Undergrad: 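Quick one: this structure, given as structure tokens, is what I'll be asking you about.
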Amino acid sequence: PESVAKASVSERSRRRLLGMRRAILAPCQRGSCGTAGHRQGAAVSAMLTRAHVYLRACSSQSSEAARPVQTIEVEPPSTESPTGQETEQSDSLGRRPREIVQHLDRYIIGQADAKRAVAVALRNRWRRQRVESPLREEIMPKNILMVGPTGVGKTEVARRLAKLAQAPFIKVEATKFTEVGFVGKDVDQIIRDLMEVGLNMAKATAMEKIKDKVAAKVEERILDSLVGATNIQHNRDAFRKLLRQGHLDDRLIEVEVPEKKGNPQMDPSNGNSFPMNEIVLRFDKMMSKGQKMEKREMPLKDAVPILTELESEKLISEDEIRRQALYSVQEEGIVFIDEIDKICSRGEYRGSADASSEGVQRDLLPLLEGSQVSTKHGNVNTDHILFIASGAFHYCKPSDLLAELQGRLPIRVELKPLSEKDMYTILTEPENNLVRQHCALMFTEGVQLEITDCAKWSMARLATQINRDVENIGARRLHTIMERLTEELSFSATDRAGERVVLDASAVEKAVGDLAKKSDLARFIL
């Protein structure tokens, strides 16, 4: 076949090949050849057919030698699973309750009931999103009330849950808000702040998708400022290499930035300020498109974030960011209201004139039940936002809350005080435990700090004893004991570089034990 392929192609050779093919196939078509002859004839015919096709291709190439050959590569469809933040978010929302509890166990000791409650609440969000539309809107989240002493992990449970779910999350103190009509912030500011968190998350997600394209555009703008837009490619490549290596970070360049406005803007953080109308905002945005630009000289490393922001705004649709943020806040938002017991009055003191008392509870009712809150980015519906409230309830009981508010917090979780074993576990098992933090701080001074296991048990015993005899502040007592134990070392660590310091149970008793025996334990009360 190679000799045939290399031969010159002509009309005569093609006719000869066709004649040979007919002569071989004619006896087989008449049935005059046997099985072996039929197979041999078919093989020879197939070979001649391939040669004929190849000769036709060579003929077309010889007649059209000037036409370039185009190669089309067809790639099979990718079977890889989608990657990125969308997959990560769907995986986190789709985790099983047991997996969520295992994740919380890495950071929080004990409190199995609270972990189970929040794990079920997070899983129910995943379940609700897979219910058909008419029924999906009727399924409301079951808000949670955590009751327990301070320092046992109420706030940490909600904070770790929000990181796991990658959902808009905000933590507020109930005492920061006042009743409508008083000077201060009203409770609607909670949803406005949550909307801002959702906008930042949506914008960060969008910028992550286009970061490579934005980085390329910023690099070209910086090169235009360094060598000019019309310089030869060789010089641009040389400066590009220096730029990527970081040798030009301190060089001053001139960039165009938006001109600063001298008009003071209204502070939206004030709860009593009326939210600006959406039409006014759109008109202001439309008028600001023609904003003047001014040239400013600054170091290159300071100009990169500004140019990145300017280039990102050109590629990101603000309407789409606002739409995504509004959806995530309404469907996946989590609000943690701490110190809710501080706005609760005991039965005999109800009806007091405190602006941060029952009036705030009444204002919270529509938020927890579901209402429309007006923000400068649009109206936010709170029907499906999960609210988690917590309080120590030392001087009052959960039953002292308004009956309507109790009904809007149907799941009540009792958090247990920490035992001596829990205190020891807090010092050893979490990834970023307190002992590891202090050892890392001393290592920066060149001091190798080692705290023995007996010392950890001694600290756990003292923390439990002081919490029982004085005031129960939970795991925060360990911070006080640890600071007292390392007080002398922290002061003299700069002069003890290269030493190895071992703290055992006797050192703990010496630093803390004598104070625990005294009746005056004011130094341990935070």
Side-chain angles (χ1 to χ4, degrees), residues 101-112 114-115 148-157 159-160 163 392 415-526:
V101 172
Q102 291 175 356
H103 176 80
L104 296 177
D105 285 339
R106 296 166 53 189
Y107 305 98
I108 304 161
I109 303 302
Q111 315 306 342
K115 295 175 184 176
T150 181
V152 296
K154 300 187 296 294
T155 306
E156 191 68 15
V157 166
R159 192 168 65 90
R160 294 294 177 180
K163 286 187 177 181
L415 282 82
K416 302 175 182 178
L418 299 175
S419 62
E420 180 178 340
K421 188 177 184 303
D422 292 334
M423 293 288 189
Y424 173 78
T425 308
I426 291 173
L427 290 173
T428 54
E429 288 191 6
E431 296 182 359
N432 303 319
N433 57 69
L434 201 58
V435 174
R436 184 179 179 185
Q437 294 176 19
H438 277 263
C439 292
L441 289 175
M442 293 298 103
F443 186 76
T444 59
E445 300 281 358
V447 179
Q448 185 178 356
L449 175 62
E450 180 181 347
I451 300 178
T452 63
D453 193 67
C454 295
K456 297 175 185 177
W457 276 110
S458 180
M459 285 189 288
R461 179 180 57 81
L462 287 171
T464 307
Q465 176 185 345
I466 298 172
N467 281 341
R468 182 180 63 248
D469 297 340
V470 184
E471 186 71 29
N472 190 0
I473 61 173
R476 294 186 179 93
R477 184 71 65 184
L478 292 174
H479 289 273
T480 306
I481 295 178
M482 183 66 74
E483 290 297 329
R484 179 70 178 177
L485 177 62
T486 59
E487 181 180 2
E488 181 63 29
L489 178 61
S490 298
F491 184 79
S492 60
T494 54
D495 303 326
R496 304 176 64 176
E499 294 186 13
R500 180 173 177 266
V501 180
V502 179
L503 299 177
D504 53 7
S506 60
V508 176
E509 292 291 340
K510 181 181 178 181
V512 186
D514 56 341
L515 297 176
K517 297 177 183 178
K518 297 180 181 180
S519 59
D520 182 15
L521 299 175
R523 296 186 63 180
F524 287 91
I525 300 177
L526 300 180

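Just so it is clear, the model here is predicted, and its values are computed rather than measured.
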Undergrad: Between CZ of Arg468 and CZ of Arg477, what distance do you get to the nearest 0.5 Å?
TA: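 The CZ atom of Arg468 sits 12.0 Å away from the CZ atom of Arg477.
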Undergrad: Are the side chains of Thr428 and Val435 in touch, meaning some heavy atoms are under 4.5 Å apart?
TA: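 A side-chain contact is absent here, since even the closest heavy-atom pair is not under 4.5 Å.
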Undergrad: Can you measure from CG (Leu489) to CG (Leu441) and round to the nearest 0.5 angstrom?
TA: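 So the gap between those two atoms works out to 10.5 Å.
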Undergrad: What residues form a ring pair (Phe, Tyr, Trp, His ring centres under 6.0 Å) with His438, not counting sequence neighbours?
TA: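 In terms of ring pair (Phe, Tyr, Trp, His ring centres under 6.0 Å), with neighbours along the sequence ignored, His438 is linked to no residue.
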Undergrad: Does Ile426 reach the side chain of Leu434, with side-chain heavy atoms less than 4.5 Å apart?
TA: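 No. Closest side-chain heavy atoms not under 4.5 Å.
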Undergrad: Scan residues 451-461 for pairs that pass salt bridge (Lys or Arg N to Asp or Glu O under 4.0 Å), counting only residues two or more places apart or in two chains.
TA: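 Sorted result for residues 451-461: Arg461-Glu509.
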Undergrad: Indicate the atoms forming the closest heavy-atom contact of Ala493 with Met442, along with that distance.
TA: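 Closest pair (atom of Ala493, atom of Met442, distance): CB-SD, 4.0 Å.
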Undergrad: Please list all pairs passing the salt bridge (Lys or Arg N to Asp or Glu O under 4.0 Å) test where one or both residues lie in residues 419-429, with sequence neighbours left out.
TA: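 Listed once each, the pairs would be none.
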Undergrad: The criterion is side chain to side chain donor-acceptor pair (under 3.5 Å); which residues satisfy it with Ser506, sequence neighbours excluded?
TA: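 Ser506 satisfies side chain to side chain donor-acceptor pair (under 3.5 Å) with Asp504 once adjacent residues are dropped.
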Undergrad: Evaluate the side-chain proximity of Asn467 to Pro417: yes if any heavy-atom separation is below 4.5 Å, no if none is.
TA: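 Pro417 does not reach Asn467 side chain to side chain.
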Undergrad: List the residues meeting salt bridge (Lys or Arg N to Asp or Glu O under 4.0 Å) with Lys154, not counting sequence neighbours, and say none if there are none.
TA: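 Result, salt bridge (Lys or Arg N to Asp or Glu O under 4.0 Å) vs Lys154: none returned.
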Undergrad: Is there any ring-ring contact (aromatic ring centres under 6.0 Å, His included) pair reaching into residues 478-499, and which pairs are they, with sequence neighbours excluded?
TA: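 Found none.
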Undergrad: Under the side chain to side chain donor-acceptor pair (under 3.5 Å) test, which residues partner Gln102, sequence neighbours left out?
TA: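 Gln102 satisfies side chain to side chain donor-acceptor pair (under 3.5 Å) with no other residue.
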Undergrad: Measure the shortest side-chain to side-chain distance between Leu503 and Thr486 over non-hydrogen atoms and say whether it is less than 4.5 angstrom.
TA: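 Yes, side chains in contact.
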Undergrad: According to the ring-ring contact (aromatic ring centres under 6.0 Å, His included) rule, which pairs have a member within residues 444-464, sequence neighbours left out?
TA: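 Pairs touching residues 444-464 that pass the test: Tyr424-Trp457.
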Undergrad: Holding to salt bridge (Lys or Arg N to Asp or Glu O under 4.0 Å), I want the full list of residues that pass it with Glu450, two or more places apart in sequence or in another chain.
TA: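 Checked Glu450 against salt bridge (Lys or Arg N to Asp or Glu O under 4.0 Å); matches are Arg500.
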Undergrad: So, using salt bridge (Lys or Arg N to Asp or Glu O under 4.0 Å) as the criterion, who are the partners of Arg436 when residues are at least two apart?
TA: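 Here no residue qualifies.
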Undergrad: Report the residues that fulfil salt bridge (Lys or Arg N to Asp or Glu O under 4.0 Å) with Glu156, sequence neighbours left out, ordered by chain and then residue number.
TA: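 Testing Glu156 for salt bridge (Lys or Arg N to Asp or Glu O under 4.0 Å), a comparison that skips the adjacent residues, returns Arg159, Arg160.
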Undergrad: Could you pull out all residues at least two apart from Asn433 that satisfy side chain to side chain donor-acceptor pair (under 3.5 Å)?
TA: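 Expected list: none.
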